[in-house]
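Just so it is clear, the values below take in all heavy atoms, side chains as well, and ignore hydrogens, waters and symmetry mates. Proteins get letters first, then strands, A, B, ... in listed order; numbering begins at 1 in each.
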Number of protein chains: 2
Amino acid sequence: MSRSDDIRAAALELFTRRGYEATTMADIGAAVGIRGPSLYKHVASKQDLLAQIMTATMAELLALHQAAVASSDDPTERLRRAAEAHVRYHARHRLEAFVGNREIRSLTEPHRGKVLALRAEYEACFRELIHAGVAAGRFHVTSARLASYAVLDLGMGVATWYREDRELSEDAVVWQYSEFTLRLVGACQPS
Amino acid sequence: MSRSDDIRAAALELFTRRGYEATTMADIGAAVGIRGPSLYKHVASKQDLLAQIMTATMAELLALHQAAVASSDDPTERLRRAAEAHVRYHARHRLEAFVGNREIRSLTEPHRGKVLALRAEYEACFRELIHAGVAAGRFHVTSARLASYAVLDLGMGVATWYREDRELSEDAVVWQYSEFTLRLVGACQPS
DNA sequence: GATCCCGGCTAATGCCCATTAGCCACAGCG
DNA sequence: CGCTGTGGCTAATGGGCATTAGCCGGGATC
């Protein structure tokens, strides 16, 4: 289904640049070289397009997170890898991440609940990771909740300003930001 | 002009919750107890409402920043105060900050340029602050640009999740987050 | 008391949009 | 060669929206 994929990609691009509400089916059609109504031969609705993008994004993010934290038992190392996965995803798939974060309010109810649940689960994972580090005396923060918000927000910020063609490589950003994360939770000695 | 202020406040609330595109003039009118068309006795247009909100927000943020950094010569103290002002604004005026960050793409051209210029100026201030600290050997980051993005994103994140009625007081968030900022740039010894 | 204007209202206006209906070309298959 | 299904098109449907026009009550001003 190359056509459907093209359409999803075009929609993603437009949702990112203009927002869901400001994007019309005609716009999406034009981006793949057909008229608006023809899109309905490939997708159920505009809303469905958004739902597909957002659920796939959250599922992928969660899967990457699970894989990252499964690779170590050390709290610091687990958080580092989780932060790396988080930042790398937000850099590499910045369109998906951007839309995933900003268009939740445009999702209608059967889907919004699911996406919010996945997001809450993701947030809880980070909070738990930080909590474990604090309990082990490895991190030093007064509020694990606040620290987890901070760490998550760092990644989301990457999705807003990162561009592939800058002087900053993906690896550079990932490395720096996971360093920021560890400093933030007080896991690092100053180098 | 209490009425105009009420309208701006209602628009701000709705733009935050539903987004600019998804908010109708009728919605805004209903929020202040009148019909949509009657709003035009008080405001020029929906777009003008957004422009007023966004330019006022950026101007206020910049003014607070200037006041904060003017109060010290020490790089660490200047960054701390700038971060405090940044976070405090994003907590106390979270609606304004939220809309200011998310609806830039809904602003049409005469205004968007101005708001983007103000925002660029604000970002440059932080970058300069961090650069100065690095030059003085007080901060330790490989990229002042990256660090400034991180610091700014932290504040913007606050505007997305902060609520006045939580267990976390404004001061608690401000203090924690400015601590995060200083740790992030490597200005803190681990305590 | 007449006038004026402020701030409401309802009813257009003109447009845009998502989605549906119904048509057609054509490619692959029998 | 005919059939069928795929994927395009245009036209219609039904609705919503920002904005404008034009009306009106009522309080302030003279």
Any side-chain N or O of [X] under 4.0 Å from OP1/OP2 of [N]?
X       : N     : result
A:His42 : D:dG8 : yes
A:Ser38 : D:dG7 : no
A:Arg3  : D:dT6 : no

Keeping B:Glu84 on the side-chain end and B:Arg88 on the backbone end, is there a donor-acceptor pair under 3.5 Å?
no

Check whether A:Arg3 reaches the backbone of A:Val32 with its side chain - one donor and one acceptor, N or O, closer than 3.5 Å.
yes

Which whole-number value in Å describes the distance from [X] [atom1] to [N] [atom2]?
X       : N      : atom1 : atom2 : value
B:Tyr40 : D:dG22 : OH    : P     : 17 Å
A:Gln47 : C:dT19 : CD    : C1'   : 14 Å
B:Leu39 : C:dC6  : CG    : P     : 17 Å

Over 60° means perpendicular and under 30° means parallel, so tell me whether A:His90 and A:His86 are parallel, tilted or perpendicular.
tilted

Please work out which of the three classes, parallel, tilted or perpendicular, describes the rings of B:Trp161 and B:Tyr177, given edges at 30° and 60°.
tilted

Go through residues 12-37 of chain B and report each residue with a non-hydrogen atom lying under 4.0 Å from DNA chain C, sorted by number.
B:Ile34, B:Arg35, B:Pro37

Step by step, work out the salt bridge (charged side-chain N to carboxylate O under 4.0 Å, His left out) result for B:Asp27 and B:Arg18.
CA-CA 11 Å; B:Asp27 291 336; B:Arg18 303 186 195 169; 2.9 Å; yes

Taking only Lys NZ, Arg NE, NH1 and NH2, and the carboxylate oxygens of Asp or Glu, determine whether B:Arg92 and B:Glu164 approach each other closer than 4.0 Å.
no

Regarding B:Lys41, tell me which of base, sugar-phosphate or nothing describes its non-hydrogen contacts under 4.0 Å with the strands shown.
base

